[in-house]
Amino acid sequence: MNYWLMKSEPSEFSIDDLKNNPNKIEPWDGVRNYQARNMMRDDMKKGDLVFFYHSNCEIPGIVGIMTIHKEGYPDPTAFDPNDNHYDPKSDPDKPRWILVDVKYKRKLKRTISLTELKEQKSLENMKLLQRGNRLSVMPITKKEWDYILSLE
DNA sequence: GCCAACGTTGGC
DNA sequence: GCCAACGTTGGC
């Protein structure tokens, strides 16, 4: 079992949007970063647990939990010229971008804000908190996962 | 293969 | 809206 954190701007797609999806499942499309892609392609397994993180908003932080519902497959938005994330260099025969489907599990009782995470001595090595980190998909250790949940 | 220019992320 | 940090692109 692996643990992850995935970021989304709530103005684009929020935890409530996921919750309100008819089947509570969402293809996590639009990721255009190779490191993030590699993790979705190679390391994410069905059933893995994921923190949903709201970025670029009033209170950035962890807002909920989801699971990996479907393992890596080609991101269809890369092939769609009308999509914001269209990438003409992604050939359907040799797709460049990979996504996973995630499924809503639950919202946290409260938002665990970035500010609060930064205050935790035991989380100082967390990837999310490293200087200049911009990855929208990142691994979390079990220790970090459990500790963060204990803050809830 | 270097590196300057550019675009994006995301906190503030 | 600003801007630091970073990834990508492309000329050479």
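These numbers come from the heavy atoms of this one structure, side chains and all, not from hydrogens, waters or symmetry mates. Just so we're on the same page: letters track the sequence lines, and every chain starts at 1.
With a 4.5 Å cut-off on side-chain heavy atoms, A:K7 and A:F52 do not count as touching.
Side chain of A:D48 to main chain of A:K45: a donor-acceptor pair is present (N/O by atom type, distance under 3.5 Å, no hydrogens or angles).
A distance below 6.0 Å separates the ring centres of A:Y34 and A:W97.
For A:R96 and A:N56, each mapped to the nucleotide of DNA chain C holding its nearest heavy atom, the one lying further toward the 5' end belongs to A:N56.
For the pair A:K143 and A:Y147, the NZ or CZ position fails the cation-pi test of under 6.0 Å to the six-membered ring centre and within 45 degrees of the ring normal.
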Quiz prompt | Verdict with reasoning, A:R37 to A:D75, per salt bridge (Lys or Arg N to Asp or Glu O under 4.0 Å) | solution = CA-CA 10 Å; A:R37 177 208 62 186; A:D75 183 343; over 6 Å; no

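Along DNA chain B, read 5' to 3', the first and last nucleotides having any atom under 4.0 Å from a heavy atom of chain A are B:dG7 to B:dC12.
In this structure, A:R32 reaches neither bases nor backbone, as no heavy-atom distance under 4.0 Å exists between it and the strands shown.
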